[in-house]
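In this text the structure is predicted, and so the values were computed from the model without any measurement.
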Amino acid sequence: MAFPIHFELEGFKFKLPSFTLLTGPMAAAKPLFAQKFIAAILNEGGEPRVFYFATSAPVEGILRNLEVFGLKRGREKITFFDYDPAIKELKKEGDNYYKGDYSIPEMLKSIFELADENTIVVIPSFTLLLVNTERKEELVEVLVESIKDKNLTSFVAVNSDMLQNFNKKLESACDNIMEFFKKEEQIFIKVTRFKGEYDAEEKEFKFAKELFTTTQKEVAERTSEMIRARRS
């Protein structure tokens, strides 16, 4: 199977390739949606591969979540780019595993140069990368130009409450905008732009609640570590 033209998940029929912006407040399950998409599309087999930026959660937590979402095949097609602000040059530490400071525009660009049209790129917290750089404008330009130039499928999550001027630039460039928000204990998705098809403009995103609780704790701990490392 070649890379699919359409792929359906949770009632959203994505037209691929597409640049999807996942927006919403912190702890609104945005990365979980991208992980569910990855598990589903890799289970189908074929050519897709994944570049996953481990920004706001550790690699082991991401792998655990993918298993919960039913990943059965294709683990070897995922390349992890573990985020470490102390590493100023892209460092390969094993098969399908790199470390580096992806808030450096040149480093982010070099990673996109490794991608091809069958690559799905996931950045679970682009906001964290923006917070950790003085070169915010350049970082946004690299992200947008790289995705568009290579016609990539991508899921990029941002915190809607922070860095809103840069969020607007991403919104103007993307194909899909999916807003995540809470209603009591539930997470809902609202569509504000979508180039494929969907069955409802607002719908609940369902997943195992224990998965959300564990991920939320990991994200909080990792984000605090990144902020401390940046200040030191």
Side-chain angles (χ1 to χ4, degrees), residues 19-35 38 50-59 61-62 78-93 97-115 119-150 152-174 177-178 180 215-216 218-232:
F19 173 7
T20 301
L21 190 67
L22 310 177
T23 183
M26 184 179 294
K30 300 182 291 294
L32 296 183
F33 185 89
Q35 291 167 7
I38 291 168
V50 176
F51 282 8
Y52 198 108
F53 286 74
T55 51
S56 55
V59 170
I62 297 162
I78 306 174
T79 299
F80 287 101
F81 293 91
D82 206 354
Y83 179 46
D84 186 338
I87 298 177
K88 300 306 180 183
E89 292 185 6
L90 186 62
K91 183 178 180 182
K92 186 172 184 179
E93 294 203 337
Y97 182 75
Y98 294 79
K99 295 189 79 170
D101 181 358
Y102 311 126
S103 64
I104 299 173
E106 292 83 2
M107 192 181 298
L108 186 65
K109 185 176 181 179
S110 70
I111 293 170
F112 276 100
E113 289 172 352
L114 301 174
T119 306
I120 301 169
V121 176
V122 178
I123 304 182
S125 179
F126 191 65
T127 299
L128 183 59
L129 299 183
L130 284 172
V131 166
N132 283 336
T133 183
E134 303 276 329
R135 301 164 64 190
K136 293 177 174 54
E137 194 84 40
E138 290 178 70
L139 199 67
V140 171
E141 288 178 3
V142 166
L143 176 68
V144 170
E145 290 175 5
S146 298
I147 290 173
K148 293 298 183 180
D149 286 350
K150 293 215 167 187
L152 296 176
T153 290
S154 60
F155 290 86
V156 177
V158 295
N159 187 328
S160 58
D161 297 328
M162 297 175 64
L163 303 171
Q164 294 179 13
N165 288 341
F166 296 101
N167 290 347
K168 289 178 181 177
K169 292 182 180 182
L170 293 172
E171 289 174 3
S172 67
C174 70
I177 303 175
M178 304 175 74
F180 288 66
T215 301
Q216 188 175 10
E218 289 174 342
V219 169
E221 291 174 349
R222 188 172 171 89
T223 302
S224 295
E225 289 174 4
M226 296 298 176
I227 293 172
R228 286 197 298 270
R230 182 69 179 178
R231 290 173 176 172
S232 63

Margin query: Main chain of Phe180, side chain of Lys30: is a donor-acceptor contact present, judged purely on distance under 3.5 Å?
Written below: no

Check: Which distance, rounded to the nearest 0.5 Å, do you find between the CG of Asn132 and the OG1 of Thr55?
Finding: 10.5 Å

Check: So, Lys136 side chain and Leu130 main chain: donor-acceptor pair closer than 3.5 Å or not?
Finding: yes

Next item on the list: Run the salt-bridge test on Lys109 and Glu138 with the 4.0 Å N-O cut-off and return the result as yes or no.
Entry: no

Checklist line | Backbone of Asp82 reached by a side-chain donor or acceptor of Tyr102 within 3.5 Å | finding: yes

Next item on the list: Return the minimal non-hydrogen interatomic distance between Ile87 and Met107, and the atom names on each side.
Entry: O-CE, 3.7 Å

Margin query: Which residue in the set Val121, Thr119, Thr20, Val122 passes side-chain contact (heavy atoms from CB on, under 4.5 Å) when paired with Ser154?
Written below: Val121

Item checked: Criterion side chain to side chain contact (heavy atoms under 4.5 Å, CB included) on Ile111 and Tyr98, from CA distance to verdict -> CA-CA 10 Å; Ile111 293 170; Tyr98 294 79; over 6 Å; no

Note to self: Could you go through Leu114 and Phe51, starting from their C-alpha distance and side-chain angles, then the distance that decides it, and tell me whether this counts as side chain to side chain contact (heavy atoms under 4.5 Å, CB included)?
What the structure shows: CA-CA 9 Å; Leu114 301 174; Phe51 282 8; 3.9 Å; yes

Notebook entry, point to check: How about Phe80 and Tyr97: are their ring centres within less than 6.0 Å of each other?
Noted result: no

Next item on the list: Verify side chain to side chain contact (heavy atoms under 4.5 Å, CB included) between Leu21 and Phe126, making sure each step is shown before the conclusion.
Entry: CA-CA 10 Å; Leu21 190 67; Phe126 191 65; over 6 Å; no

Margin query: Side chains of Lys169 and Val144, heavy atoms from C-beta outward: is any pair under 4.5 Å?
Written below: no

Margin query: Please find the pair of heavy atoms, one from Pro31 and one from Tyr52, that lie closest to each other, and give the distance.
Written below: CB-OH, 4.2 Å

Notebook entry, point to check: Rounded to the nearest 0.5 Å, how far does CD1 of Ile123 lie from CG of Leu22?
Noted result: 11.0 Å

Notebook entry, point to check: Can you tell me how far the CZ atom of Phe81 sits from the NZ atom of Lys92, to the nearest 0.5 Å?
Noted result: 9.5 Å

Notebook entry, point to check: Taking everything shown except Lys148 itself, do over 12 heavy atoms lie less than 6.0 Å from its NZ?
Noted result: yes

Checklist line | Distance in Å, Ser103 OG paired with Leu128 CG, rounded so as to fall on 0.5 Å steps | finding: 8.5 Å

Item checked: Nearest heavy atoms of Ser110 and Leu90, plus distance in Å -> OG-CD2, 4.1 Å

Checklist line | Which atom of Asp101 lies closest to which atom of Pro85, heavy atoms considered | finding: OD2-O, 3.5 Å

Notebook entry, point to check: CZ/Phe19 to OG1/Thr153 distance, rounded to the nearest 0.5 angstrom?
Noted result: 11.5 Å

Checklist line | Distance-minimising heavy-atom pair for Ala157 and Pro124 | finding: CB-O, 3.1 Å

Next item on the list: List the steps and the verdict of side chain to side chain contact (heavy atoms under 4.5 Å, CB included) for Lys88 and Ile104.
Entry: CA-CA 8 Å; Lys88 300 306 180 183; Ile104 299 173; 3.8 Å; yes

Next item on the list: Give me the ring orientation class for Phe155 and Phe33: parallel if the planes are under 30° apart, tilted from 30 to 60°, perpendicular past 60°.
Entry: tilted

Next item on the list: Measure the shortest side-chain to side-chain distance between Leu170 and Leu143 over non-hydrogen atoms and say whether it is less than 4.5 angstrom.
Entry: yes

Margin query: If you count heavy atoms of other groups shown closer than 6.0 angstrom to CD of Glu89, is the number above 12?
Written below: no

Check: Which heavy-atom pair separates Lys150 from Phe112 by the least distance, and what is that distance?
Finding: NZ-O, 3.3 Å

